[in-house]
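Take a look at the structure below.
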Amino acid sequence: MTMLSITNLGKVFDSNKGVVTALEDINLTVDRGELAVIVGPSGCGKSTLLNIVAGLEHASSGEAALEGSPITGPGADRGMVFQSYTLFPWLTVQKNVEFGLRLKGVPTAERAQTARRYIEMVGLSGFENSLPKELSGGMKQRVAIARVLANKPAMLLMDEPFGALDAQTRLLLQELLLDVWRQESSTILFITHDIDEAILLADNVYIMSRRPGRLKARVPVNIPRPRDHKASLTPEFSRVKSQIMELLWEEIAAG
Amino acid sequence: MRQKNPVRTGAWLAAASLSAVFCIWAGLAYTGSVKPLFLPPPHKVFLSFGEMFDEGILFSYTWDSVYRVMVGWSLAAVTAVPLGLFIGTSRRASHMIAPVMEFARYLPVVALVPLTLLYFGIGDAQKFAIIFLGTFFQLVLMVADSVASVPADLSRAAATLGANRMQTYRLVLFPGALPGIMDDLRITVGWAWTYLVVAELVAANSGLGYMILRAQRFLAIDRIFAGLIIIGVLGLLTDYLFKLLGRIITPWSDKQ
């Protein structure tokens, strides 16, 4: 069943160097429960694509639709995790995770309970009353994930959420995300430039071309689940990786 | 991460630098290196506090000045903060209002003193007006800047959690800008003191600036120094109060 469908989507910017085509003729469907990952060279417009799905930017042509209804603006049904740390610094971990529920008017006791459940799920029990400035980068992103999940979105959008973390922390959070995705049976559209990350997480990896960004190929990843970091040692991983490398290299070299 | 007791170390250093200034003053005055006409010896300044107390003007003049600063500056603060929030978040409002503010803030307030005297006379209203004119325009632009420097990703994150425009204002932009706004308020209240003293020097019949001006006419240099010390101490106190307030209101800020 289709969760997200993007049809003939394009995006042009007016810049002082003239009109720049950021995205061209994007067609993509993400099924319910799918973990789709988009990789592409930097500046290819992958973040723009995600922002359009989030409703933070508007498409110039074509359409993005969630469960059949066109996306016109941001909404709680598409929760986003950003690469930058976006916890509200004046709220505790608990209050940050409750934020979306508070907007919806969920009663205090219920939202406290929901928040605690997701804080536990991301492994931060005991930090409910900490302020963001007291947390490490990895912990902040765990809270950001919990905050989005507590809001029960139809879909999770992740814009290089682990891009600013060190390699070990990134591995831990990738496994955490896989775990959470399985427990919550979420639908995720994930953006990264890290090929290993893409393969470890994805059902399908979509390769984007350099600007103007187009979806150039879809590479299914058939590594059995549940996966953990050891998946990167399997022959299937190497096979997929060399395939993706080849496709991406054409883009990087041509740039 | 920090020293054992940074607060105490800080207090010692502050006390050391203040006593150094005092020692230099005392040294210059008591050795006669500078004539008492220009630099009064410390004990005469302390005695002048007593004289002013006996005359009943020490507290009443100080209070008059404090009252004028508080009213004039509060008027500016309560009007400038909302306007600054508005300009800082709306491009249209910024295009419309910011140029007026930019123009107005380059008018030296001192140059407006004659005009305010004409409009409001020499009473408290004129002091309020001078302080308001001196701080309002700057404060609007400073607050707008503080709001604009709240990371855009915080508002974007709030939007994807379901926040509408008003909720984003109330729950993200305002709290996010609060540490900056507290700083803006602390800085402008300092300016308010400057403008008040200027206004009192030109025309007034009470207040610390008026007292200093009268002391100059009578060559009572000890009183001039006493007045300056009061203004300085009040400034230090206000600054300290605002920092304390900042720690209470925004304990989460990195600035603390």
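So that the names make sense, note that chain A is the first sequence line, chain B the second, and so on, each numbered from 1. Because the structure is a prediction, the values reported are computed rather than measured.
Of the two parts of A:Asp77, neither the backbone nor the side chain holds a non-hydrogen atom closer than 4.5 Å to a non-hydrogen atom of chain B. Only the side chain of A:Leu56 comes within contact range of chain B, with heavy atoms under 4.5 Å apart. Residue contact with chain B, scored on non-hydrogen atoms closer than 4.5 Å, involves the side chain of A:Arg102 exclusively. Both the backbone and the side chain of B:Pro175 come within contact range of chain A, each with at least one heavy atom under 4.5 Å from a heavy atom of that chain. Interface remark: A:Leu157 contributes no atoms to any contact with chain B (heavy atom separation under 4.5 Å).
What you find for B:Thr160 and A:Ala54 is that their closest heavy atoms are CG2-CB, 4.4 Å. Across B:Pro251 and A:Lys133, no two heavy atoms sit closer than the pair O-NZ, 3.2 Å. Smallest separation of non-hydrogen atoms from A:Pro89 and B:Leu154: CD-CD1, 4.1 Å.
Other residues, nucleotides and ligands contribute only 12 or fewer heavy atoms inside 6.0 Å of the CZ atom of B:Arg165. Applying the 6.0 Å contact sphere to CD of A:Glu67 captures more than 12 heavy atoms from other residues, nucleotides or ligands. For A:Glu134, the CD atom counts as densely surrounded, since its 6.0 Å shell holds more than 12 non-hydrogen atoms of other residues, nucleotides or ligands. Other residues, nucleotides and ligands contribute at most 12 non-hydrogen atoms within 6.0 Å of the CZ atom of B:Phe86. For A:Lys95, the NZ atom sits in a loose shell: 12 or fewer heavy atoms of surrounding residues, nucleotides or ligands are nearer than 6.0 Å.
Here the NZ-CG distance, from A:Lys104 to B:Leu161, works out to 9.0 Å after rounding to the nearest 0.5 Å. Note that CG of A:Leu91 is 9.0 Å distant from CH2 of B:Trp252, once rounded to the nearest 0.5 Å.
For the side-chain contact (heavy atoms from CB on, under 4.5 Å) test with A:Trp90, the passing option among B:Thr250, B:Val172, B:Leu171 is B:Val172; the others fail.
A:Ser84 meets the side-chain contact (heavy atoms from CB on, under 4.5 Å) test with A:Phe82, A:Thr86, B:Asp153; sequence neighbours excluded.
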